[in-house]
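Note that these values count all heavy atoms, side chains included, but never hydrogens, waters or copies made by symmetry.
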Amino acid sequence: MTTTALAPDRVRDLVARVTGDEKHDPSAHSTLDVVRVLYDRVLHVDPDRPDDPDRDRFVLSKGHGPASTYAVLAARGFFPAAWLDDVASWSSRLGHHPDRTLVPGIEIGSGSLGHGLPLAVGMAIGLRGRSPARVVVLVGDAELDEGSNAEAIQVAGRFGLANLTCVVVDNHSDGYGWPGGIAARFAVEGWTTTDVDNRSDDRLAAALNRRDADRPTAVVVDTTRGSEVVA
């Protein structure tokens, strides 16, 4: 876990250095507070040992908006901040979709929505009983329309994956919705659920640190309340 706080202004300044994919700016900014708090107060990771087998895994399923994750990883020291100045250039390691083989701290290559949660379930199953590591996957609300996520939610609940947390960034971009809300979709499959917004780092950190002894955890973050950017 980090020992130096990630100042919000510092991280926003780093995000601003990422240009060339402005159409996905809202997607990136809607995840900024969540990713910053995760790396500041929740995840046990070490930029000097990015491949530590007992590290916590952060899976960015919402990979079409990686700028915020890049900025937080740079702020934590996983790679130089100068990398942010030429994202997606011919020689850059940072693409408009993240590549786990090129970017320290990135766990999966993502961008095709609906893949992150199933992959995170597989990671959690593989780590259970072998490592204290937890797996935290970030998905968007509209992404949950993908059938692969429905199956992953069911499997995780049946397996009682206590080392798995799914963070749903709810910016109300889904066109269908779910009876009772997003959290209810997870709860009916045996998940522990929490609803929170991103107006308070303390409340957000408390929700993200919550774990159940024998069930996976879902944290639904409403990013449309108190946010500078709504997407």
Interatomic distance, [X] atom [atom1] to [Y] atom [atom2] [nearest 0.5 angstrom]:
| X | Y | atom1 | atom2 | answer |
| --- | --- | --- | --- | --- |
| Phe78 | Asp46 | CZ | CG | 7.5 Å |
| Asp202 | Arg41 | CG | CZ | 4.5 Å |
| Asn198 | Leu32 | CG | CG | 9.0 Å |
| Leu204 | Leu38 | CG | CG | 7.5 Å |

Query raised in the report: Run the salt bridge (charged side-chain N to carboxylate O under 4.0 Å, His left out) check on Arg12 and Asp9 step by step: do they pass?
Result: CA-CA 5 Å; Arg12 291 191 188 102; Asp9 289 344; 3.3 Å; yes
Validation row: [X], [Y] side chains within 4.5 angstrom (heavy atoms):
| X | Y | result |
| --- | --- | --- |
| Ser30 | Lys62 | yes |
| His64 | His97 | yes |
| His115 | Ile108 | no |
| Arg10 | Arg36 | no |
| Phe58 | Val167 | no |
| Phe79 | Leu84 | yes |
| Pro118 | Glu151 | no |

Query raised in the report: Going through the distances and angles, do Glu143 and Asn149 end up as a side chain to side chain contact (heavy atoms under 4.5 Å, CB included)?
Result: CA-CA 8 Å; Glu143 183 179 357; Asn149 283 318; 3.7 Å; yes
Can you name the closest pair of heavy atoms from [X] and [Y] and give their distance?
| X | Y | answer |
| --- | --- | --- |
| Gly114 | Ser61 | N-OG, 4.4 Å |
| Leu14 | Ala81 | CD2-CB, 3.9 Å |
| Ser92 | Asp86 | CB-O, 3.1 Å |
| Ala75 | Leu6 | CB-CD2, 4.0 Å |
| Ala162 | Ala213 | CB-O, 3.5 Å |
| Pro104 | Arg93 | CD-NH1, 4.5 Å |

Query raised in the report: Under 4.0 Å between a Lys/Arg side-chain N and an Asp/Glu carboxylate O for Asp33 and Arg199?
Result: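 A salt bridge is absent here (no side-chain N lies under 4.0 Å from a carboxylate O).
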Query - Electrostatic pair Asp52:Arg49 at N-O distance under 4.0 angstrom - result: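 Yes.
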Query - Side-chain donor-acceptor pair present, Thr192, Arg215, cut-off under 3.5 Å - result: yes
Got a donor-acceptor contact below 3.5 angstrom from the [X] side chain to the [Y] backbone?
| X | Y | value |
| --- | --- | --- |
| Asp197 | Asp222 | no |
| Arg211 | Arg134 | no |
| Arg210 | Thr193 | yes |
| Asn209 | Ala205 | yes |
| Tyr70 | Gly95 | yes |
| Thr223 | Val169 | no |
| Asp56 | Val136 | no |
| Asp54 | Ser131 | no |
| Arg57 | Ala120 | no |
| Trp83 | Leu94 | no |

Between [X] and [Y], is there a shared hydrophobic cluster once you connect ILVMFWY residues whose side-chain heavy atoms come closer than 4.5 Å?
| X | Y | result |
| --- | --- | --- |
| Val168 | Val155 | yes |
| Ile125 | Ile153 | yes |
| Leu113 | Val35 | no |
| Val15 | Ile106 | yes |
| Phe159 | Leu127 | yes |

Query raised in the report: What's the verdict on side chain to side chain contact (heavy atoms under 4.5 Å, CB included) for Trp191 and Asp212, showing C-alpha distance, side-chain angles and the deciding distance?
Result: CA-CA 9 Å; Trp191 291 59; Asp212 192 284; over 6 Å; no
Requested in this report: May I ask you to check whether over 12 heavy atoms, not counting those of Arg100, lie within 6.0 Å of atom CZ?
Outcome: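 No, not enclosed.
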